[in-house]
There are 2 protein chains.
Amino acid sequence: MVGVTTRKNSGTATPAKRQRASSGPASERRDHLVKLAAELFARKGFQATTVREIADEAGILSGSLYHHFDSKETIVDEVLSTFLDDLIARYRAALDSGKDARDVLTDMVRIGFGTLEPHRAAITVMQNDWNYLRQFERFNYLVKAEEEVEQIWVTQIKAGQAAGLFRPDVDPKLTYRMIRDTIWVAVRWFRPNGRLNTNALADHYITVLFDGLATGERTTQQA
Amino acid sequence: MVGVTTRKNSGTATPAKRQRASSGPASERRDHLVKLAAELFARKGFQATTVREIADEAGILSGSLYHHFDSKETIVDEVLSTFLDDLIARYRAALDSGKDARDVLTDMVRIGFGTLEPHRAAITVMQNDWNYLRQFERFNYLVKAEEEVEQIWVTQIKAGQAAGLFRPDVDPKLTYRMIRDTIWVAVRWFRPNGRLNTNALADHYITVLFDGLATGERTTQQA
DNA sequence: GTCTATAAGAAGATAGAC
DNA sequence: GTCTATCTTCTTATAGAC
């Protein structure tokens, strides 16, 4: 019931109570605080960000934060679940389009890259702190959500193979993981005002993913 | 000169002295301690791992660790620099083979996946804690090493394009980043004793990367 | 090379006044 | 909804005996 040792908080030992995003009162003030915290978590990492820093950023004292949240974990919980809820909703819409597997997969790649901008902070936290956060019982739903997303992708890849659209000799699960990794890790270097926007990123990746990097020419063998 | 606020260490404030891997005395005992620490860093994250835990793992007390290392940062520094030195050496060997750009790139992909097993812990730390560690001046060499590696890859991709081996319409730098991401992030889910070994991973990725996922068939357009 | 003992302070969280 | 004040525990790191 207790989960792992957590960050050894102190005071009158509070073993990370429940207070999911959905259950908490959804005030604008609260949402604003979550946004501020998300930026700090993304920049410095979850553990390296102190509740004092979050409070500073909001112009209040650390104790006042506990009027809105019962723990630091609750804040990051809200950051992550907001992102995941949105992502899964978008995937579902793509699935209901009636397109063939290749077009659905194309849409899903675009959806993935499309979240880089609006959910940049949440994705960064998910990348960097997932390994730490997953050890706490309260974040089990993250694992569940990941499994659900994997199922959606793998089903599409298999459908594409069955329809003769995708090569049959690739492993669906492995292929999904590589696509997923390529999309989300881009959050590390993607900059909204850089040379490329997320549409260009998606187009580029879709080209290489479907048609490959090679031209078919070989200098050593076929020539 | 000081860098950022660091983990606010205490005692007689020690602002993270220099003591790079190469400069420290290379005893077997020391190497063993670094290995133990690397596993903990990978499992729990750098910040969440305490010097007490590292000492526990080694069967000594935390104070005794400071006979071998002057700070926790020095330990992780040694973990990362050992990996990077090995990686860059392997890349250089591949470059000197005299093969064409496609074969060299193939070798480099294999080298990448091939490090997942021997350097699993270091790669995990690099993935999860890079964002945090990079803020300290002493880890500037990480950025330099990354730039060197990028240069090696981009040069090969451009050479392949010039030789007509790779499609000319892809962005070399972007392509490199996506390849890099796909390889290293695999450390998150790759398990040495799982269904696939690193050779199979590399082969699979090389197939999709060069030849693409699509078969050329289209259900909607070409009928 | 390890232990004992401890410094000095930063952490998350709480209680109650305003 | 925020502040004041504070508790308790954990942290990295040190000094010197053995």
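By convention in this document, chain letters (A, B, ...) are assigned in the order of the sequence lines, proteins followed by strands, and residues within each chain are numbered from 1.
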Asks: Output the rounded distance in Å from CG (Leu40(A)) to C1' (dA11(C)).
Replies: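 Taking atom C1' of dA11(C) as the reference, CG of Leu40(A) is at 16 Å.
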Asks: Below 4.5 Å, heavy atoms only, C-beta onward: do Ile111(A) and Leu87(A) meet side chain to side chain?
Replies: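 A side-chain contact under 4.5 Å exists here.
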Asks: Lys72(B) has an atom NZ; how far is it from atom P of dT12(D), in whole Å?
Replies: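 Spelled out: NZ on Lys72(B) to P on dT12(D) is 5 Å.
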Asks: Does anything in residues 187-209 of chain A form a salt bridge (Lys or Arg N to Asp or Glu O under 4.0 Å)? List the pairs, not counting sequence neighbours.
Replies: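 Residue pairs with at least one partner in residues 187-209 of chain A: Arg110(A)-Asp203(A), Arg195(A)-Asp171(B).
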Asks: Taking only residues at least two apart or on different chains, which pairs with a member in residues 116-126 of chain B satisfy salt bridge (Lys or Arg N to Asp or Glu O under 4.0 Å)?
Replies: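 Residue pairs passing salt bridge (Lys or Arg N to Asp or Glu O under 4.0 Å), neighbours aside: Glu39(B)-Arg120(B).
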Asks: Give me the bend of the helix from dG1(C)-dC18(D) to dC18(C)-dG1(D), using the axes of the five pairs at each end, rounded to 10°.
Replies: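 Taking the rotation axis at each end, their angle is 10°.
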Asks: Output the rounded distance in Å from CG (Leu65(B)) to P (dT11(D)).
Replies: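 So the two atoms are 14 Å apart, to the nearest Å.
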Asks: I need the CD-P distance between Glu53(B) and dC10(D), as an integer number of Å.
Replies: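 Answer to the nearest Å: 12 Å.
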Asks: With Lys99(A), which residues qualify under salt bridge (Lys or Arg N to Asp or Glu O under 4.0 Å), at least two apart?
Replies: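 Partners of Lys99(A) by the salt bridge (Lys or Arg N to Asp or Glu O under 4.0 Å) criterion, ordered by chain and then number, come out as Asp107(A).
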Asks: For Thr182(B), check side chain to side chain donor-acceptor pair (under 3.5 Å) against everything at least two apart and list the hits.
Replies: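 Side chain to side chain donor-acceptor pair (under 3.5 Å) list for Thr182(B), sorted by chain: Thr182(A).
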Asks: Expressed as a whole number of angstroms, how long is the span from Arg52(A):CZ to dT6(D):P?
Replies: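 Rounded to whole Å, this separation is 14 Å.
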Asks: Quick one: salt bridge (Lys or Arg N to Asp or Glu O under 4.0 Å) partners of Asp86(A), sequence neighbours excluded?
Replies: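 Listed in chain order: Arg90(A).
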Asks: My understanding is that only residues two or more places apart in sequence, or in another chain, count here; which of them pass side-chain contact (heavy atoms from CB on, under 4.5 Å) with Ala200(A)?
Replies: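 In terms of side-chain contact (heavy atoms from CB on, under 4.5 Å), with neighbours along the sequence ignored, Ala200(A) is linked to Leu196(A), Asn197(A).
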Asks: If you restrict it to nitrogen or oxygen atoms, what contacts under 3.5 Å exist between nucleotides 2-5 of chain D and the protein, and what is each distance?
Replies:
residue: dT2(D); atom: OP1; partner: Arg29(A); partner atom: NE; Å: 3.2
residue: dT2(D); atom: OP1; partner: Arg29(A); partner atom: NH2; Å: 3.0
residue: dT2(D); atom: OP2; partner: His68(A); partner atom: NE2; Å: 2.9
residue: dC3(D); atom: OP2; partner: Leu61(A); partner atom: N; Å: 2.6
residue: dC3(D); atom: OP2; partner: Ser64(A); partner atom: OG; Å: 3.2

Asks: Using whole Å, what does the distance between atom C1' of nucleotide dA13(C) and atom CD1 of Ile75(A) come to?
Replies: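 Rounding to the nearest Å, CD1 of Ile75(A) and C1' of dA13(C) are 12 Å apart.
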Asks: Could I get the full list of salt bridge (Lys or Arg N to Asp or Glu O under 4.0 Å) partners for Arg177(A), not counting sequence neighbours?
Replies: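 With sequence neighbours excluded, Arg177(A) shows a salt bridge (Lys or Arg N to Asp or Glu O under 4.0 Å) to no residue whatsoever.
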Asks: Within this structure, what is the CD1-to-P distance between Ile54(A) and dA11(C), rounded to whole angstrom?
Replies: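 Atom CD1 in Ile54(A) sits about 11 Å away from atom P in dA11(C).
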Asks: Tell me every residue that passes salt bridge (Lys or Arg N to Asp or Glu O under 4.0 Å) with Asp56(A), counting only those two or more places apart in sequence or in another chain.
Replies: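 Applying salt bridge (Lys or Arg N to Asp or Glu O under 4.0 Å) to Asp56(A) gives none.
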Asks: Are there any protein N/O atoms within less than 3.5 Å of an N/O atom in nucleotides 16-18 of chain D, and if so, which ones and at what distance?
Replies:
none

Asks: Measure from NZ or CZ of Lys44(B) to the centre of the six-membered ring of Tyr132(A) and say whether it is under 6.0 Å with the direction within 45° of the ring axis.
Replies: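 Ring-cation test returns no.
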Asks: Looking only at side-chain N and O atoms, does Tyr66(A) come under 4.0 Å of OP1 or OP2 in dA13(C)?
Replies: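 Yes, Tyr66(A) has a side-chain N/O under 4.0 Å of OP1/OP2 on dA13(C).
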Asks: Check side chain to side chain donor-acceptor pair (under 3.5 Å) between Trp153(B) and all other residues, then give those that pass, not counting sequence neighbours.
Replies: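 Side chain to side chain donor-acceptor pair (under 3.5 Å) check on Trp153(B) returns Tyr91(B).
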Asks: Over how many whole Å does the gap from Asp70(B) atom CG to dA15(D) atom P extend?
Replies: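 Rounded to whole Å, this separation is 13 Å.
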